[in-house]
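Every chain is numbered from 1 and lettered A, B, ... according to where its sequence line falls, protein lines coming before strand lines. Not measured: the values here are computed from a predicted model.
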Number of protein chains: 2
Amino acid sequence: MSLPHAILTALLEKPSSGLELTRRFDKSIGYFWSATHQQIYRELGRLEQAGHIRALPSPVPVRGRRKEYEVLPAGRAELGDWVARSEDPKPMRSALLLRMRAAAMVGAPGLRAELERHLALHRGQLEEYRAIEDRDFPPERRRTEPDRLRHLVLRGGIDLERFWVEWLTGALAELDREE
Amino acid sequence: MSLPHAILTALLEKPSSGLELTRRFDKSIGYFWSATHQQIYRELGRLEQAGHIRALPSPVPVRGRRKEYEVLPAGRAELGDWVARSEDPKPMRSALLLRMRAAAMVGAPGLRAELERHLALHRGQLEEYRAIEDRDFPPERRRTEPDRLRHLVLRGGIDLERFWVEWLTGALAELDREE
DNA sequence: TGGTGCATGTAAGGAGTTACATGATTCG
DNA sequence: CGAATCATGTAACTCCTTACATGCACCA
């Protein structure tokens, strides 16, 4: 049940249309929560239904016509409740680690290449996030508490990508020692 | 579509009943793929249907009576195909990071406590995995290629937990600097 | 014989994914 | 006016989660 709260947060930061939200989820929001445009439009409908958000004044609501949403007080309250809730970390599911474990049983012709491919992907993601950090969090924007929190979250994304880059590098070295 | 392959891998390592599989997923397999017993029984049914596994000889199949499964050649082949496939890493979804970002918008009374709670959980998980490493991977079991692969996978789980322990520790220190 | 644990399931619903559909706008 | 692009959706499906149901074995 986190997607609606991700959307509420994004809309509080800046009222947006569905497509704008999709773009923001693709780039800057994606480092802590990902979503497709189908999910976003469905959830926008539900949030509007629930009275948590509303479409900004528009003459006639027509399919294909841009709709801008903003958060209503009820939506802000709901988000406040959710933030205060406790929630355990979801148990892990890594298809890559599973592949490695399966490879131990049935052999692994292309495993090395797959690890290298993932390494390249994580390196790319890391660069993207670092660029966002340079752009959105220059030193002077790390002072107020909200900015410090947002920067911390981005650091989470960056540090995780760095973790995978380092881990995959080590794993490849370990694989090489054997062959 | 990874759960069936997780089960095939587990059954290749050691033929098991549904409940035994559930226990193995809860403890040692959980560090790369998690699953509940409901998922497991459903998937065992599908795998049997597909001819990838079979229930070991039992007089009469009765509900409530234990069933042991083993992998058939077709299942091993299917797993081999899957291992050779490429798959991109799933984009991230962290409810904790999302909470922090939302807290930047609506305030965060209990956020520190929630971070500390997660820190304790990850510390606990880390200790469990380390115990598994001591028990299952003593130095002499790190020589053959399959063992080295399996150990590498466990290292992945351990290193990820260590990552979160360190990251959360740093985040808490960062939060303190402000107040 | 009745409870407790073991073992295997069913049912319902929520969340995410993939493929496709439709209207509006812009631009050559 | 035709094509590309912007923008908003629908539909179908798979997967996961949560709650509940049922049968067997043991043992006090």
*asked:* Can you tell me how the ring of A/Trp82 sits relative to the ring of A/His5, calling it parallel under 30°, perpendicular over 60° and tilted otherwise?
replied: parallel
_If the threshold is 4.0 Å, N to carboxylate O, is there a salt bridge linking B/Arg141 and B/Asp147?_
yes
*List in numerical order all residues of residues 24-53 of chain A for which some heavy atom is under 4.0 Å away from an atom belonging to DNA chain D.*
A/His37, A/Gln38, A/Tyr41
*Whole angstrom is fine here: how far is it from CZ in B/Arg23 over to P in C/dG5?*
13 Å
*Among B/Leu3, B/Ile53, B/Leu8, B/Leu21, the one residue meeting side-chain contact (heavy atoms from CB on, under 4.5 Å) with B/Glu43*: B/Leu3
*Crowding at CD, A/Glu140 (>12 non-hydrogen neighbours, <6.0 Å)*: yes
_Rounded interatomic separation in angstrom, taking CD from A/Glu68 and P from D/dA7_ = 11 Å
*Do B/Tyr69 and B/Arg54 touch side chain to side chain, with heavy atoms closer than 4.5 Å?*
no
*So A/Glu133 and A/Arg155, salt bridge (charged side-chain N to carboxylate O under 4.0 Å, His left out) or not? Walk me through it.*
CA-CA 8 Å; A/Glu133 185 177 35; A/Arg155 287 307 306 180; 2.7 Å; yes
*asked:* Check B/Arg23 with B/Glu20, please: is the shortest side-chain N to carboxylate O separation under 4.0 Å?
replied: no
*Close residues, residues 83-103 of chain B, relative to DNA chain D [heavy-atom separation under 4.0 Å]*: none
*Contact list for DNA chain D against residues 2-22 of chain A - heavy-atom distance below 4.0 Å*: A/Ser17, A/Gly18, A/Leu19
*Would you mind reading off the distance between A/Arg66 atom CZ and D/dG9 atom P, rounded to a whole angstrom?*
13 Å
*Are A/Arg99 and B/Glu87 within salt-bridge range, i.e. N to O under 4.0 Å?*
yes
*Is a side-chain donor-acceptor pair under 3.5 Å present for B/His122 with B/Glu161?*
yes
*Do B/Trp164 and B/Leu121 touch side chain to side chain, with heavy atoms closer than 4.5 Å?*
no
